Amino acid sequence: MTEYAAPLDDIRFALRHVAGFDALAKLPGYEEATPDVLDHILEEAGKFAAEVVGPLNRIGDEEGSRLENGVVRTPAGFKDAYKSFVAGGWNSVPFAPEYGGQGLPWTLNAAVVEMWDAANTAWALCPMLTVGAVEALSAHGTPEQQRLYLPKLVSGEWTGTMNLTEPQAGSDVGALRSRAVRVPDARGVPDARGGDKYRVFGQKIFITYGDHDYTDNVVHLVLARIEGAPQGVKGISLFLVPKVLVSQDGSLGPRNDVRPVSLEHKLGIHGSPTCVMAFGENEGALGTLIGRENDGMACMFTMMNNARFNVGMLGLGTAERAWQQARAFAKERVQGRDIATGENNVAIIRHPDVRRMLLSMKSSTEAMRALAYYQASRFDIAKRHPEDAARKHAQATADLLTPVMKAWCTDTGCEVAHTGVQVHGGMGFIEETGAAQHMRDARIHPIYEGTNGIQANDLMGRKVQRDGGEEAKAFIGEMRPAAAELAAASDADLAAIGKKLADGLDCLGQATGWIVDGGKRDIRVAAAGAVPYLTLFGNVTAGWLMGREALAAAKASANGNARFYEAKRKTARFFADHVLVRSRGLLATVADGADAVVALADDQF
Ligand SMILES: Cc1cc2nc3c(=O)[nH]c(=O)nc-3n(C[C@H](O)[C@H](O)[C@H](O)COP(=O)(O)OP(=O)(O)OC[C@H]3O[C@@H](n4cnc5c(N)ncnc54)[C@H](O)[C@@H]3O)c2cc1C
């Protein structure tokens, strides 16, 4: 397996030209994010990812996590790497200083997280879930919950989990059966603080890092129904259930009534323990309510939106790793002759089709990075901009793009990893090279955190149909000036990108109108087009950002690093020629592709 090396040039370029990092660093509260700090953090994160986290990727795949005497043991080296990660302060980069965080921009954190994800996806999942728990508790926790739990979660001394799924409740979270019973008199109950204290009963499945050997405590965020609450999503509440009970002074007390029952055997991410968790096999797992009773889905959405962004990041991370591996292999593997010069025994990178595959991997990965950092920059503006209108606007864009970020980056991540296997030929199918691991690891990302079909429904319904397509159309309008600037350029690459981007924007505009109007006529028809619509949305948005990068590269090419800038421009051109050009086909599928889907009866399938 090729060792991971952080692609710092492209990371810096995307931070500057897509995320507008210089402007973000001027937002109130981000004064610490100076260019020197940024450079230092990126360099050090790159080293930590390459030297500590990355080398464990293969070990994690081969060894996997295991359950021994009721305790989850992670693969050799995972725990030590996590301890070094926490000691290095990497867990706390974006969090609020009042809880021990470093208060640095989320966009910078995204760049750092990309490195963990690429170096070792299975290992990176644990801190990823903690981020979601911190966000949910920061937004909805009681002052007491925040005081007791946030500093430990921010530092990484404890980790967080997300417990939604049950055997009968996957995409349909409202079908969950876990229940919570209010403790009538909480005095004398360990960890009691009076009031809203509950005992939680139920079984959750597929819980990522539901248990592990990294830390003394695990903070479970659990969805359950309080006895007597309405059925469906309206009757769900969110509970904080620690693995080990916590006293008023923050010290650890007795073990709570929660345990991992078994671990799943999986296609990929073997290092990450995927647990079946039993809550309340005895007296009931003690938990406290987060937010209000029956308001659990709203609270959980804070966590899920964060997690959806971060799962999109995993798509980017696995793609980057697969791309690095394929590039190295293509430069080493000797096979055949150069079709133009006739030279024999050339490395396969000389064959046009291999170059096509490599460029499709490179351009898609850079496009994902651009989309991810752009999205992260919207979070920073939404949190920190001094003007209300700017904050609202950034939040609206972030909301619109959340399902696109999750689904487009994870679908594209799978395609890239798949192409990586193809570049290796037969050796791609043999585990020894490591190419197959990236493909297996990437395959979960379109499934968890809301399948990509559910993301497409979210884009179609909540994000587009609900406001009659207004936000989507406004966003399309924001992308048009770059298309016009590109199309008017004298440079042939830029002009070609501009033409294809303008056409892609037209297609996206028409498809948006169709999703709104078609949905009014027959919701089944619109729903059948939701995934192609999301793909079109992702392709065009990423094509826009790649076009902006090409413009920036063209302007910067006089200032040194000319080969990087030329590669950037050509890579953006490739993306336009191979991905943006699919826009017309996708529009046709959105508009006309539902016929058979709706026409056939179940028994005709
Ligand atoms: C390795 C792994 C780790 C996980 N980690 C966690 C975790 O930490 N916490 C947690 O709570 N869960 C976790 N999950 C669960 C994961 O989020 C669910 O598997 C996922 O949400 C899908 O649910 P399901 O498996 O029940 O599939 P189903 O909901 O049964 O879906 C099956 C198929 O039907 C489609 N479908 C279902 N409903 C609809 C609909 N309304 N419209 C259109 N299509 C639909 C889906 O898109 C999918 O293609 C994990 C799962 C795995 C495999």
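First listed ligand is number 1; within each ligand, the first listed atom is number 1. Please read all numbers here as calculations on a predicted model, not as lab measurements.
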One finds that the ligand 1 atoms under 4.0 Å from a non-hydrogen atom of N457 are 42 (N), 43 (C)
So how far is it from L459 CG to Q465 CD, rounded to the nearest 0.5 Å? 9.5 Å
Show the atoms of ligand 1 that are less than 4.0 angstrom away from any heavy atom in E449. 17 (O)
Proximal ligand 1 atoms for K266, defined as those under 4.0 Å from one of its heavy atoms: 1 (C)
Do any nitrogen or oxygen atoms of T208 come within less than 3.5 Å of a nitrogen or oxygen of ligand 1? yes
Shortest protein contact, atom 13 (C) of ligand 1 (heavy atom only): F206 O, 3.0 Å
R73 and side-chain contact (heavy atoms from CB on, under 4.5 Å): which partner among E68, K79, E63? E68
T451 versus ligand 1: do any nitrogen or oxygen atoms come within less than 3.5 Å of each other? yes
Pairs flagged by salt bridge (Lys or Arg N to Asp or Glu O under 4.0 Å) wherever residues 156-181 is involved - sequence neighbours left out: K152-E157, E166-K204, R179-E227
In terms of side-chain geometry, is the basic nitrogen of K243 or D211 positioned less than 4.0 Å from the acidic oxygen of its partner? yes
Below 3.5 Å, N or O to N or O, backbone or side chain included: is there any such pair between T165 and ligand 1? yes
Cationic N near anionic O, under 4.0 Å, K463 to D458: yes
